[in-house]
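Report on the following structure.
Here the structure is a predicted model, which is why all the values come from computation and not from measurement. Below, chain A is the first sequence line, B the second, and so on; all start at residue 1.
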Amino acid sequence: MTLTLDRLSRRFTNFAALDDVSLEMAPGEFLALLGPSGSGKTTLLRILAGLDYPDRGSVTQAGRDFLAASARERNVGLVFQHYALFRHLTVRENVAFGLRVRPRRRRPARAQIREQVERLLKRVQLEELGDRYPSQLSGGQRQRVALARALAVEPELLLLDEPFGALDAQVRVTLRRWLRELHEELQLTTVFVTHDQEEALELADRIAVMNRGRIEQVGTPQAIYQDPATPFVCEFIGRTNRIPLTRHAQAWRAGAWSLTEDPWNGRHREAVAYVRPEHLALSVPDGEPAWEARVRHVYLAGSVAHLDLYVAGIDLALEADVASEDLGRLGLHAGAALRAAPARLVAFPCDDGDGSRPVIDERCSWASPIRR
Amino acid sequence: MRRRVLPGFGISLGYTLAYLGLIVLLPLVALAWKATGIGFHGLLQLLASPRTLAALRLSFGGALLAALLNVFLGLLVAWTLVRYRFPGRRLFDALIDLPFALPTAVAGIALTAIYAPNGWLGRWLVPMGIQVAYAPPGVLLAMVFVGFPFVVRTLQPVLQSLARDVEEAAESLGATRAQTFFRVILPVLVPTLLTGFALALARAVGEYGSVIFIAGNIPMRSEIAPLLIVQKLEEFDYAGAAALGVVMLAFSFVLLVLIALLQHWSGRWAERGA
């Protein structure tokens, strides 16, 4: 179902949990709300579930006022971080709960409920454990029961609040692959809240990055990672190097490296550039502008090696990533000297006020014509 | 034996057994021993006496009813204290323990003063045909009064630990408020409610001080079993008093075992062992 969130705001006593949030959701979409704690992502999810209400703004579903329906009328499936299973009921009874509490005329027959529960247990691969109590299950199993219970009411919208937050790293990875497959099978509009960017990048069709009650950027994982729209997204998603730039006549400079074009036509004097570790060229030919850097550490992490560089000219430590197999070819080891320069970057000019805050509207992205 | 983090199993078990033996079992054995003085025939005669039966019926019937009332009232009060914030909540919370601290005779006198035909409430109730003081309802009232804190105090920590997200999950699955309460919240509380019930029941069965003041102690009508025991003692019928004591003890024991079994069954979903 298509959901339109329009200018939602929600204030708690002394802070704005949501501040003018607008968002559109397509049917069958898998949307991640990603942000640090306190960014308002859970508040947004709770509003969609009907457990909280905005002070201003509207949510409409195909022109209908979604907020007018109470939580029990909304027909959403909700999965909590800490499972929220009914501990006095068996797995089977937990899954059947949503069907059993229906008013008599909408309640399926006993046999039908039993059949549906079995089908769902099979789907979440728990058909053997139907008679167990939640306390007898592992975390991953409990979360699958919670999911089956949410799916039993055949929701139009599935909401997951940090669904893997309480699980071990390994279970988490298995479960999210499985969730992705389940989503492809069911094509159910799904919103899930997470603070784990890896999870969001891997699972979602689209990600809404939230910070301090606002949506910073909405886009595909690819767009969010490759083309971050705000300094917050640059710093929150993946790793990045933050490099201050200053304008000298028509060129923007940081130490020995410079950018000869001025995208802002002399309107600003200072800017910040964000460069991903894998977007640093490490063997720039002598004629090109580059920083003289020294390798401080090499951290080998399987297929990728993380390098700690130090550029004395601008007194800045930089992170760079290279394929492990290239280490030898490029002569990279602790203490080695090299010439580094950004191959791609995203830059924001800073306004001339006291705080010199980045001007988001004048964002500029740049890629070097030279391949690394 | 598996090594444990904290040693001292031997000494603590020894202490537990010694304590139970000396403080609990020994007096009970002595009581039973004393009771054998009236012989089997005497016991039958005692139990066959209508006055004894009426007293036992009032003691146990009243205590069961009082414990049941306390479960409802206690749940209501505990819920209000845990779930809502209102001015005076702490004071109210502190007042709950008052029946624990008050000498029960004082409670009995206070209740009598209120419900006696010339008391604050009795003045209005008696003309309407509702007699509380010097009648079985008075016995019940005193029993409710002394048992009340047990239910509230056992429930409070459990209510506090109830996770809100479980209720939200029920609501979003389409449960009405009543369904959420009866299908999600109440079943989890049953073992605790039973604990509170058992404690309130035990207290009410054994209650003496407050009841005798308000009961009027009319034989066959508002006379409780403990009073009968005291009367026998005053008549120097020690064996008879002990025998009645043993009968009460046996009844209480059976009731408490039944409650424990029920509790075990109602809490079968909880994590056990390990």
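Neither the backbone nor the side chain of B:A163 comes within contact range of chain A, judged by heavy atoms closer than 4.5 Å. For a residue to count as touching a neighbouring chain, one of its non-hydrogen atoms must lie under 4.5 Å from one of that chain's; by this rule A:R100 touches chain B with backbone and side chain alike. Residue contact with chain A, scored on non-hydrogen atoms closer than 4.5 Å, involves the backbone and the side chain of B:R183 alike. If you measure heavy-atom distances from B:S266 to chain A, you find no contacts under 4.5 Å at all.
Counting heavy atoms of neighbouring residues, nucleotides and ligands inside a 6.0 Å radius, atom OH of A:Y53 exceeds 12 of them. For B:I11, the CD1 atom sits in a loose shell: 12 or fewer heavy atoms of surrounding residues, nucleotides or ligands are nearer than 6.0 Å. The number of heavy-atom neighbours closer than 6.0 Å to CZ of A:R56, taken from other residues, nucleotides and ligands shown, is 12 or below. Atom CZ of A:R107 has more than 12 heavy atoms from other residues, nucleotides or ligands within 6.0 Å. For A:F15, the CZ atom sits in a packed shell: over 12 heavy atoms of surrounding residues, nucleotides or ligands are nearer than 6.0 Å. With a 6.0 Å radius and a threshold of 12 heavy atoms from other residues, nucleotides or ligands, B:Y84 has its OH atom at or below the threshold. Within 6.0 Å of the CZ atom in B:R83, the count of heavy atoms belonging to other residues, nucleotides or ligands exceeds 12. When the shell of 6.0 Å around CD of A:E115 is examined, it contains 12 or fewer heavy atoms from other residues, nucleotides or ligands.
Rounded to the nearest 0.5 Å, atoms CG (A:L51) and CD (B:E167) are 11.0 Å apart. Rounded to the nearest 0.5 angstrom, A:L48 CG and B:S172 OG are separated by 12.0 Å. Rounding to the nearest 0.5 Å gives a distance of 14.0 Å between CZ of A:R102 and OG1 of B:T176.
The shortest non-hydrogen separation linking B:G174 to A:R72 is O-NE, 3.4 Å. Between B:V184 and A:H88, the shortest heavy-atom distance links the atoms O-CE1, 3.6 Å.
With sequence neighbours left out, the side-chain contact (heavy atoms from CB on, under 4.5 Å) criterion links A:R11 to A:A16, A:D55.
Checking side-chain atoms of B:Q179 against main-chain N and O of A:V101 turns up a donor-acceptor pair under 3.5 Å.
Contacts of residues 78-87 of chain A with chain B at a heavy-atom distance below 4.5 Å involve A:L78, A:F80, A:H82, A:A84, A:L85, A:F86, A:R87, listed in sequence order.
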